[in-house]
K.L.:
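Got a structure for you, written out below as structure tokens; questions coming shortly.
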Amino acid sequence: MPTLRLIMSSYLVAGKTVEFKLDLDVSMNSTYDFPYFQGNSLSDLFAPDITDARYALILNYPATASWAAYPNREKYFIQDGSSEATKTSFDKIGQKEPWKNLAVLGDAIPGIVINQPPNSLIDYWREHLGFSNSSMEMIDCSTYLEDLSVSDRFDKLLTLFPFDNLKPEKHAVHPDIHYHLLSKATLAELGVQCPKYQTYNLHEVNLQSIQLPEQFPYLIKTSHGLSGEGTYIIKSASDLNYCLQEVRKYLDIKLLNTIIVSEFVNNEVQNYCVQFYVSKTGNITLIGTTSQLVTPEGSYLGGLIHYRETDMSRFFEMIAAIGKYAHQQGYFGVIGFDVLEDSEGQLYAIDANFRVNGSTPLCLQRHTLLGRGKEVAQYSSNWRMDGTLESILVTLKPELDRKDLIILSALEKVKYGKIYTEIYGIVAGEDMKEMQHIEQDLHSKGLQQ
């Protein structure tokens with residue numbers, strides 16, 4: 001049966017409607033035949049699109065904190081904390097997050113790192129994930145963007161987010177285009193069903209004059225929040241007061257231009273992240289779909305995936321529309337869009353991330369883990385275990401050898417004179433029951449969340 005899709009897209013800038021579009025689309029899911037990605041690394045994904053020049057991937061986000069040698073405070077604002085005390089930390093931006101993607105990078109694209117992973121972690125990756133030292137390009141964090149801007153070693157740099165201090169022509173995707181795509185204000189342009197929202201340029205509209213919804217709940221978002229930062233679920237007057245205080249702080253430090261006031265999707269039954277790759281020619285390759293694990297405040301914790309059970313065809317029209325829009329804009333690379341499903345089965349896109357996503361490494365383990373008979377896996381970014389990484393690798397060796405646990409990133413820390421290790425990783429089992437049993441066994445060995 002054909003599906004009749006009626007899309008009404010409207011959004012407001014400075015409180016005035018600037019676009020209204022009615023799009024009638026009659027189509028069939030069977031008209032789409034998107035293949036699943038058959039590799040297991042980011043290099044394999046990008047390989048067809050990086051033959052025309054010398055590419056590398058900058059693995060870290062830009063930052064705005066005082067520790068950043070190249071803060072994004074000029075054009076491509078990123079909301080990573082409204083005060084110095086709440087800024088995303090260096091160990092997350094410069095170590096744990098980039099190392100996680102380095103683990104699954106492969107060897108066709110060099111990965112730029114500004115802080116070297118521990119040797120014990122590299123050795124583990126080499127043994128269990130096929131990691132090659134040739135994929136890592138270490139550049140000093142105090143000079144890396146200047147070095148890359150003038151270097152003739154790399155012609156184009158793939159990025160998670162545009163950098164103010166990297167020459168525009170060095171970005172693999174033009175930074176203006178990439179920044180526009182990453183804006184939460186762009187959602188209505190993608191041609192998919194999304195909650196109604198209004199967009200306000202705070203340099204044109206006074207914050208106090210914005211007409212907010214009369215009833216809770218609703219959402220207020222900053223345009224380019226990082227990892228849940230800048231997304232405020234407004235369920236009470238106190239929530240609203242806190243949000244407005246945060247927005248004012250961002251305005252005071254001149255790191256915010258735009259906010260979005262959005263409907264809240266009621267009766268949510270599932271939260272998905274749907275991921276695919278769009279090539280330079282516009283071809284689409286499926287990467288995977290995870291169920292997202294988030295805190296009540298909306299902060300991202302990880303993802304759960306059923307490699308065989310998940311039917312991505314229910315998202316095909318959304319994938320086709322977003323992929324087409326991205327290609328028309330000049331983007332190529334990984335796309336992950338967040339979808340809420342309500343109790344009536346309606347699907348609402350609530351965010352679109354034109355970059356490698358938090359759970360992309362989990363999706364890339366599809367063929368490796370299915371080859372081990374493991375159909376269910378969960379990625380988490382908030383594990384910790386007492387002891388050094390070397391001692392943990394010994395303690396958990398049986399689980400690591402069986403791929404019950406895959407360590408993507410690990411960082412040793414000291415508190416009150418005691419060493420512990422923070423871990424990003426994947427737990428996998430034949431089914432949900434076995435995976436939960438493995439989690440319990442790991443917990444008994446000291447792996448905590």
Side-chain angles (χ1 to χ4, degrees), residues 37-47 50 55-60 91-92 94-141 144 153-154 158 287 334 356 358-374 377 379-381 383-385 387-413 419-428 438 442 445 447:
F37 176 55
Q38 296 301 309
N40 61 3
S41 72
L42 294 171
S43 285
D44 293 340
L45 265 177
F46 282 95
I50 57 172
Y55 286 79
L57 170 62
I58 300 179
L59 291 158
N60 60 281
D91 64 3
K92 181 174 182 178
Q95 297 173 305
K96 291 184 291 185
E97 290 283 340
W99 295 347
K100 169 195 70 180
N101 290 329
L102 182 61
V104 297
L105 182 59
D107 56 12
I109 310 174
I112 307 299
V113 291
I114 58 174
N115 202 271
Q116 175 134 347
N119 289 333
S120 53
L121 183 60
I122 293 173
D123 291 342
Y124 163 79
W125 289 341
R126 188 181 295 116
E127 180 181 355
H128 292 272
L129 296 173
F131 179 80
S132 168
N133 276 354
S134 63
S135 24
M136 183 170 64
E137 183 78 16
M138 176 71 191
I139 304 181
D140 190 283
C141 64
Y144 77 108
R153 183 172 180 189
F154 302 118
L158 301 159
I287 301 174
V334 178
V356 175
S359 58
T360 304
L362 171 65
C363 296
L364 292 178
Q365 298 308 308
R366 174 184 177 87
H367 301 294
T368 298
L369 291 176
L370 284 177
R372 294 282 189 123
K374 296 180 178 294
Y379 160 70
S380 292
S381 57
W383 280 323
R384 58 178 288 172
M385 187 167 173
T388 65
L389 177 57
E390 285 191 7
S391 69
I392 291 169
L393 292 173
V394 172
T395 301
L396 301 182
K397 188 177 188 306
E399 290 80 8
L400 296 170
D401 287 345
R402 292 193 300 266
K403 294 287 193 294
D404 291 348
L405 174 68
I406 296 173
I407 296 176
L408 297 172
S409 186
L411 180 65
E412 292 178 7
K413 292 192 170 183
I419 297 174
Y420 67 95
T421 302
E422 295 180 343
I423 295 171
Y424 288 23
I426 296 169
V427 173
I438 290 169
L442 289 167
K445 286 192 169 188
L447 189 65

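Computed from heavy atoms alone, side chains included, the values below leave out hydrogens, waters and symmetry copies.
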K.L.:
Looking only at atom types and distance, does a side-chain atom of Thr388 sit under 3.5 Å from a main-chain N or O of Ser391, one as donor and one as acceptor?
P.N.:
yes

K.L.:
Checking Asp140 now: which residues fulfil side-chain contact (heavy atoms from CB on, under 4.5 Å) with it, not counting sequence neighbours?
P.N.:
Ser142, Thr143

K.L.:
Who pairs with Lys92 by salt bridge (Lys or Arg N to Asp or Glu O under 4.0 Å), at least two apart in sequence or on another chain?
P.N.:
none

K.L.:
How would you list, by chain and number, every residue that makes a salt bridge (Lys or Arg N to Asp or Glu O under 4.0 Å) with Arg372, sequence neighbours excluded?
P.N.:
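Result, salt bridge (Lys or Arg N to Asp or Glu O under 4.0 Å) vs Arg372: none returned.
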
K.L.:
Return the set of residues passing salt bridge (Lys or Arg N to Asp or Glu O under 4.0 Å) with Lys403 (not counting sequence neighbours), or none when no residue passes.
P.N.:
none

K.L.:
Can you name the residues that form a ring-ring contact (aromatic ring centres under 6.0 Å, His included) with Trp99, not counting sequence neighbours?
P.N.:
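Partners of Trp99 under the ring-ring contact (aromatic ring centres under 6.0 Å, His included) test: none.
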
K.L.:
Examine distances only and state if a side-chain atom of Ser43 and a backbone atom of Ile109 form a donor-acceptor pair shorter than 3.5 Å.
P.N.:
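Yes, because the side chain of Ser43 sits within donor-acceptor range (under 3.5 Å) of the backbone of Ile109.
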
K.L.:
Answer yes if the side chains of Ser134 and Ser132 hold a donor-acceptor pair under 3.5 Å, and no otherwise.
P.N.:
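There is such a pair (donor and acceptor under 3.5 Å, judged by atom type) between the side chains of Ser134 and Ser132.
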
K.L.:
Can you tell me if Ser380 uses its side chain to pair, donor with acceptor, with the backbone of Gly425 under 3.5 Å?
P.N.:
no

K.L.:
How about CD on Glu390, more than 12 heavy atoms from neighbouring residues, nucleotides or ligands closer than 6.0 Å, or not?
P.N.:
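12 or below, so no.
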
K.L.:
For residues 110-120, please give each side-chain donor-acceptor pair under 3.5 Å, one per line with the distance, not counting sequence neighbours.
P.N.:
residue, atom, partner, partner atom, Å
Asn115, OD1, Gln95, NE2, 3.0

K.L.:
Going by salt bridge (Lys or Arg N to Asp or Glu O under 4.0 Å), name the residues that satisfy it together with Lys445, two or more places apart in sequence or in a different chain.
P.N.:
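For Lys445, the residues satisfying salt bridge (Lys or Arg N to Asp or Glu O under 4.0 Å) (neighbours in sequence not counted) are Glu399.
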
K.L.:
Could you pull out all residues at least two apart from Leu370 that satisfy side-chain contact (heavy atoms from CB on, under 4.5 Å)?
P.N.:
Tyr307, Arg308, Arg366, Glu375

K.L.:
To the closest 0.5 Å, what do you measure between CD (Glu97) and CG (Leu408)?
P.N.:
10.5 Å

K.L.:
Could I get the full list of side chain to side chain donor-acceptor pair (under 3.5 Å) partners for Thr360, not counting sequence neighbours?
P.N.:
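By the side chain to side chain donor-acceptor pair (under 3.5 Å) rule, Thr360 matches Gln275.
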
K.L.:
Report the residues that fulfil side chain to side chain donor-acceptor pair (under 3.5 Å) with Tyr55, sequence neighbours left out, ordered by chain and then residue number.
P.N.:
Asp52, Lys280

K.L.:
Who pairs with Asp91 by side chain to side chain donor-acceptor pair (under 3.5 Å), at least two apart in sequence or on another chain?
P.N.:
Ser89, Lys413

K.L.:
Go through the structure and list residues passing side chain to side chain donor-acceptor pair (under 3.5 Å) with Arg402, not counting sequence neighbours.
P.N.:
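Once residues adjacent in sequence are excluded, the partners of Arg402 under the side chain to side chain donor-acceptor pair (under 3.5 Å) criterion are Asp404.
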
